Amino acid sequence: MTNEEVIEILRRIADMLEIKGEDRYRVMAYRRAADNIAHLGRDLSDLWQEGRLREVPGIGEALEKKLDELFRTGRLGYYEDLQEEVPVGVASLMAIPEVGPRTAKLLWERLGLMSVAEVEKAAREGKLRELPGLGARSEQRILEGIEALYRRSTRIPLYVAWPIAQDLVAQLRALPVVEQADAAGSLRRMKETVGDIDLLASSVEPAAVTDAFVKFRRVKEIAAQGPAKATVRLDNGLQVDLMVLEPARFGSLLQHFTGSKAHNIALRERAIKQGLSLSEHGFKRQDGSEILCRSEEEVYQALGLQWIPPELREDRGEIEMAAAGRLPKLVELGDIRGDLHVHTRWSDGAATIEEVANKAQALGYEYLVISDHTKGLGVANGLDEARLREQRREIDRLNDTFDNFRLLQGAEVEIRGDGSLDFPDEVLAELDVVVASIHSGLRQDRETITARMIKAMRNPHVDIIGHPSGRILGQREASLVDLDDVLIEAQKTGTILEIDGIPDRLDLDDVHVRRAVEMGVRLSIDSDAHSLDGLEAMYYGVMTARRGWAEKKHIVNTLPLVELLASLKRP
DNA sequence: GCCGTTTTCGGCCCGACTGTTTTCAGTCG
């Protein structure tokens, strides 16, 4: 039973309980437990075997018992009983925007609807408007919700949403009535994917801002519009929320809209203990008087907390650390001294070695590792021994022309199906840095692919494992490789695990970066560039590292060249 | 359902917008 399967069951139970009208805190408890399992970064079944389920926040006596049954038998009686009362299809209706538990129940009880397609058909036939509490407008909104669901059923990558958000922010800032405008939400927290775009603005005339906003270019549909808030959908189906308040409240607004939801809930619980009520408007004392926060720092200060970087705001321990004044000093782009994984025209890159070297210097790097593909990856024009040695001469020649900058020769070698590499050790020994990656056989079963990666890590020449999970956001799931075992092996062998900055890889992901940091496993942040612009992907890699609580000391390519070379496991 | 600087029981975040309402429930973030 995988984490994903457990999470799905817990979320379905929450939906079913909500439709039944059960206590909302019980519903929330199931969702909270599911979220915390999703952020675990390791197999829940392992924790179960070790008898440590209760260590997961949100898992108490009752859930421990249910999970134990699930892991032992593969089934859960409670869940099966629930399905007698509320079919799973009914719970699935809640995926439709505008349809919550009450409406789902209504559609099921009155019309027997149990799938999105059935709801769509009934809505088109005008049957929904007959139901108590619904009308023609609601019917139309549900139809629009279904269309939005079909158009965009998954979250979109950060790098796709980013330029769209920047364009919208620019349009907001161009409005004369707007004082400040920014993007917040999961975008500001640098999550790898975002579900929507959250914007905020300050103005003494909020209604004028929302009025102008709903007329922005690319806005196709207005889902809601009031004086302080508006929600629209763009031509590509992406939802954008805007919230506007007066400038004196901008700090509270920014804090509120940056989230995450779990972080905000935890902050508000903390506020209550101090006799305060916290919202996007600011703090309210019990006598009704207000504390306004123009800056975000003031919000955290009022709660006795250090300012918390947005990347950490997931309620995964950051509030406790901020209270103790012990937040990590997260790695920054400026800490990066070199890129350890870059391709050139020698294999499948678009630029010459000289061009990427110049770009690296323009980025302020002290060193750059040329790590082209090797012969095992024919489709990428991988290098054989002869071309590798020829490339070395080119690198040596260029190095003679540089001051205060050094090119290193590496390679991204293939981890073959059996865990062997596509170069013998004596060839690997000629390289300054060896990155080893899996590009084929990604669908091997868990044991095989894990053993394969571990075998590569045990090779004394392999310094770095490239993009360990092999996932590509929105296209390819991660391989089944057991990253827990890989982390342990990295600990043993001193192998560095890569955070690949290509924005649809971001591999390791934030959750496993956090595990690596906790375990003391060394990490590198690389661009894996295949073009000059590609080197700038370092930015997304750094953001992922930050979300994983990584500090400068955890990232090997923040080291000066000499120290970096000394720290590699050269035999 | 969980959980403990007041708690092993009684709490558990806060507000905006919409539609169908005549004072508010439902949904969302």
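Since the structure is predicted, the reported quantities are computational estimates derived from the model, not experimental observations. Labels below follow one simple rule: chain letters A, B, ... track the order of the sequence lines, proteins then strands, and each chain is numbered from 1.
- As judged by a 4.0 angstrom heavy-atom cut-off over every strand, A:Leu267 is placed among residues making no nucleic acid contact.
- With a cut-off of 3.5 Å on both Watson-Crick or G-U wobble distances, the partner of B:dC12 is given as B:dG1.
- Here the P atom of nucleotide B:dC12 and the CZ atom of A:Arg270 are 18 Å apart, to the nearest Å.
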Please tabulate, for side-chain N and O atoms in residues 317-327 of chain A, each donor-acceptor pair with protein atoms closer than 3.5 Å (sequence neighbours left out).
unit_1	atom_1	unit_2	atom_2	d
A:Glu318	OE1	A:Asp315	N	3.2
A:Glu318	OE1	A:Arg316	N	2.7
A:Glu318	OE2	A:His263	ND1	2.7
A:Glu318	OE2	A:Glu314	N	3.1
A:Glu318	OE2	A:Asp315	N	2.5

Do any N or O atoms of the protein come closer than 3.5 Å to N or O atoms of nucleotides 1-5 of chain B, and which pairs are they?
unit_1	atom_1	unit_2	atom_2	d
B:dG1	OP1	A:Tyr30	OH	2.5
B:dG1	OP1	A:Lys66	NZ	3.1
B:dG1	OP1	A:Tyr78	OH	3.1
B:dG1	OP2	A:Arg26	NE	3.2
B:dG1	OP2	A:Arg26	NH2	3.2
B:dG1	O5'	A:Tyr30	OH	3.0
B:dG1	O6	A:Asp23	OD2	3.4
B:dC2	OP1	A:Gly60	N	2.4
B:dC2	OP1	A:Gly60	O	3.3
B:dC2	OP1	A:Leu63	N	3.3
B:dC2	OP2	A:Ala62	N	3.4
B:dC3	OP1	A:Gly58	N	2.9

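- Going from the P atom of B:dG4 to that of B:dC13 covers 15 Å, rounded to whole Å.
- Using a 4.0 Å heavy-atom distance criterion, A:Arg24 is classed as making no nucleic acid contact.
- B:dT7 and B:dC12 have their C1' atoms separated by 12 Å, given to the nearest Å.
- Regarding A:Phe283, its CZ atom lies at a distance of 13 Å from the C1' atom of B:dC14, rounded to whole Å.
- For B:dT20, the OP1/OP2 oxygens have a side-chain nitrogen or oxygen of A:Ser138 closer than 4.0 Å.
- No donor-acceptor contact under 3.5 angstrom links the side chains of A:Ser252 and A:Gln255, judged on distance only.
- One can place CD of A:Gln274 at 16 Å from P of B:dC13, the figure rounded to the nearest angstrom.
- Residues that satisfy the salt bridge (Lys or Arg N to Asp or Glu O under 4.0 Å) test with A:Asp485, not counting sequence neighbours, are absent from this structure.
- For A:His263, no side-chain nitrogen or oxygen approaches OP1 or OP2 of B:dC13 to under 4.0 Å.
- A:Ser277 comes within 4.0 angstrom of the backbone, heavy atoms only, and of no base.
- Separating the CZ atom of A:Arg141 from the C1' atom of B:dT20 is a distance of 12 Å, rounded to the nearest angstrom.
- Atom pair A:Ile272:CD1 and B:dG15:P shows a separation of 10 Å (rounding to whole Å applied).
- Rounded to whole angstrom, the span from the CD atom of A:Gln255 across to the C1' atom of B:dG15 amounts to 14 Å.
- Rounded to the nearest Å, the gap between the C1' atom of B:dG11 and that of B:dC17 is 29 Å.
- Proximity of A:Asp507 to A:Thr544: side-chain heavy atoms (C-beta onward) are nowhere separated by under 4.5 Å.
- Contact annotation: the side chain of A:Val116 approaches that of A:Tyr150 to within less than 4.5 Å [non-hydrogen atoms, C-beta and beyond].
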Task: Letter per nucleotide, 5' to 3', of nucleotides 22-29 of chain B [B base touched, S only sugar-phosphate touched, - untouched; heavy atoms, 4.0 Å] - done: ----SSSS
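- With C1' as the reference atom, B:dT18 and B:dT23 are 15 Å apart, rounded to whole Å.
- Within a heavy-atom distance below 4.0 Å of DNA chain B, no residue of residues 110-118 of chain A is found.
- Atom pair A:Lys284:NZ and B:dC14:P shows a separation of 10 Å (rounding to whole Å applied).
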List the atom pairs, donor and acceptor, that lie under 3.5 Å between side-chain atoms in residues 168-175 of chain A and the rest of the protein, sequence neighbours left out.
unit_1	atom_1	unit_2	atom_2	d
A:Gln171	NE2	A:Asp167	OD2	3.2
A:Arg173	NE	A:Ala181	O	3.1
A:Arg173	NH2	A:Ala181	O	2.8

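- Both A:Pro132 and A:Glu269 lie close to DNA chain B; mapped to their nearest nucleotides by heavy-atom distance, the more 5′-ward contact belongs to A:Glu269.
- For the residue pair A:Arg188/A:Thr258, the side-chain donor-acceptor check at 3.5 Å is satisfied.
- Remark: side-chain polar atoms of A:Asp504 are not paired, donor with acceptor, to backbone N or O of A:Leu473 under 3.5 angstrom.
- Distance CG (A:Asp315) to P (B:dC12): 17 Å, rounded to an integer number of Å.
- Residue A:Ala184 is out of contact with every strand shown, counting any heavy-atom pair closer than 4.0 Å.
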